[in-house]
Amino acid sequence: MRKQDISNIKHLLATPKRIVIVPHKNPDGDAIGSSLGLYLYLVKLNHEVSIIAPNDYPDFLKWMPQERIIIKYESQRELSNSLIENSELIFTLDFNALHRTGEMETPLQNSKGIKIMIDHHQQPDGYARFMYSDIRMSSTCEMVYNFIGDLGESKLIDKDIATCLYTGIMTDTGSFRFPSTSSKTHIVISDLLEKGANNAEIHNAIYDTNSPERLQLLGCALRNLKVLPHLKTAYIMLSQEELNNFNFKKGDTEGFVNYGLSIENIIFAAIFIEHKQEGIIKISFRSKGNFSVNEFARAHFNGGGHTNAAGGKSDLNLKDTVDKFITILPSYKNALNL
Ligand code: 5GP
Ligand code: MN
């Protein structure tokens, strides 16, 4: 973060403030980890802090320190609106466009709270007074670690804060294997372990709490996998009926899209998941190398994200969405290095 911004924020944080922390809709490990890590830090400075998530998140994130204090906008609107309206500072974490908070967009826009963005996605919007935006960062959690360090207060990072930040770095880097993992990321991780984060316990809590139904749903997804070798692409479709058959719960499909990328010579993978209630198909894109799924998702599926991981949605039905995808693909022959 810029020196001038840090010194201005330090000044703002010098006296107790009413603060709201907001992660993006459908928050993941990095969104929840960074929100809780920052929350625990700000509480130590005697601020009055709330975390308001737009909606619920998977059970595998519900063990995190102080997770229970997170307010969900979708079920606690009145309380949320009043906290947002009366806030003096608003931290927006792990997203860079207010529409990524769904229905919170308008109350956030209308609030006089000073907005501080901490985020690592591409093409940030300009809604924040202070922006710490860096697409080279592995995760927002790594940035929250840097932010606390820039404020000169690394010593306040205790075991709980370290646990939250470790979790988000681990989930956003695919357990430290994605290209976004830098030597600096490992130095941060080393310090978080030093401060008490337990890597084995955290990994277990996130990844080894499968239900049998989730594994059976994975089996179904893998049976549905289609490979287009001439386009170096693989994709999966999951209908609402298939989700219902395996008692789908939020988070159950997390990571499924990566299986397509594990096939030899495949550099582009997608998963299309039908959500009948919302009336949309939710799409995840992943790639290897230079092929930008951020650009692809923005251009065709009302989404965005990073070069190698992005998401989007479609109002068409499942079959038409996939047909659209297959029709577009050949125009990306060059980008896919074919
Ligand atoms: P996932 O596929 O795991 O939902 O998301 C992959 C990445 O793309 C994440 O960094 C996520 O924040 C971003 N992303 C997912 N869905 C959307 C979307 O609809 N719009 C934008 N702008 N980014 C998204
Ligand atoms: Mn992230």
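Everything numeric in this text was worked out from a predicted model, so none of it was measured. Order of listing sets the numbers, starting from 1, for every ligand and every atom in it.
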Do NZ/NE/NH1/NH2 and the carboxylate oxygens of Glu103 and Arg77 come within less than 4.0 Å? yes

Within 45° of the ring axis of Phe301 and under 6.0 Å from its six-membered ring centre, is that where the NZ or CZ of Lys324 lies? yes

State if Arg286 counts as touching ligand 1 under the rule of any non-hydrogen atom under 4.0 Å. yes

Between the Mn ion (ligand 2) and Asp172, which N, O or S atom of the residue is the nearest one? OD2

Does Asp150 pair with Lys3 as a salt bridge, N-O distance under 4.0 Å? no

Indicate whether any N or O donor in one side chain lies under 3.5 Å from an N or O acceptor in the other, for Tyr145 and Asp191. yes

Can you tell me the N, O or S atom of Asp94 that's nearest the Mn ion (ligand 2)? OD1

Nearest neighbour in protein (non-hydrogen) for atom 23 (N) of ligand 1: Gly304 O, 3.0 Å

Please report which non-hydrogen protein atom sits nearest to atom 12 (O) of ligand 1, along with the residue it belongs to and the distance in Å to one decimal place. Arg100 NH2, 2.8 Å

State whether a side-chain donor-acceptor pair under 3.5 Å links Asn317 with Glu274. no

Heavy atom of the protein closest to atom 15 (C) of ligand 1 (residue, atom name, distance): Gly311 CA, 3.4 Å

Note: Glu254, heavy atoms under 4.0 Å from ligand 1, region reported as neither

Evaluate the side-chain hydrogen bond (donor to acceptor under 3.5 Å, both in side chains) criterion for residues Asn146 and Tyr132: first the C-alpha distance (whole Å), next the side-chain angles of each, then the deciding distance (0.1 Å), finally the verdict. CA-CA 10 Å; Asn146 293 343; Tyr132 179 23; 3.2 Å; yes

When you compare the side chains of Asp94 and His120, does any donor N or O come within less than 3.5 Å of an acceptor on the partner? yes

Protein heavy-atom partner closest to atom 7 (C) of ligand 1 - residue, atom, separation in Å: Ala309 O, 3.6 Å

Any N/O of Asp94 closer than 3.5 Å to an N/O of ligand 1? no

Under a 4.0 Å N-O cut-off, is there an ion pair linking Lys62 with Asp56? yes

Tell me, which N, O or S atom in Asp30 is closest to the Mn ion (ligand 2)? OD2

Salt-bridge test for Arg18 and Glu88: reply yes if a basic N is under 4.0 Å from a carboxylate O, no otherwise. yes

What part of Lys282 sits under 4.0 Å from ligand 1 if we count only heavy atoms: the side chain, the backbone, both or neither? side chain

Is there a nitrogen or oxygen of His121 sitting under 3.5 Å from a nitrogen or oxygen of ligand 1? yes

Which of the atoms of ligand 1 are close to Lys313, meaning less than 4.0 Å from one of its heavy atoms? 19 (O)

At less than 4.0 angstrom from any non-hydrogen atom of His306, what atoms of ligand 1 do you find? 10 (O)

How about Glu142 and Ser138: does a side-chain donor come under 3.5 Å of a side-chain acceptor? yes

Answer yes or no as to whether an N/O/S atom of His121 is found below 2.8 Å from the Mn ion (ligand 2). no

Which label fits Phe291 and Tyr332: parallel for a plane angle under 30°, tilted from 30 to 60°, or perpendicular past 60°? perpendicular

Just which atoms of ligand 1 are under 4.0 Å from any heavy atom in Ser284? 1 (P), 2 (O), 4 (O)

For ligand 1, which atoms have a heavy atom of Gly305 less than 4.0 angstrom away? 8 (O), 13 (C), 23 (N)

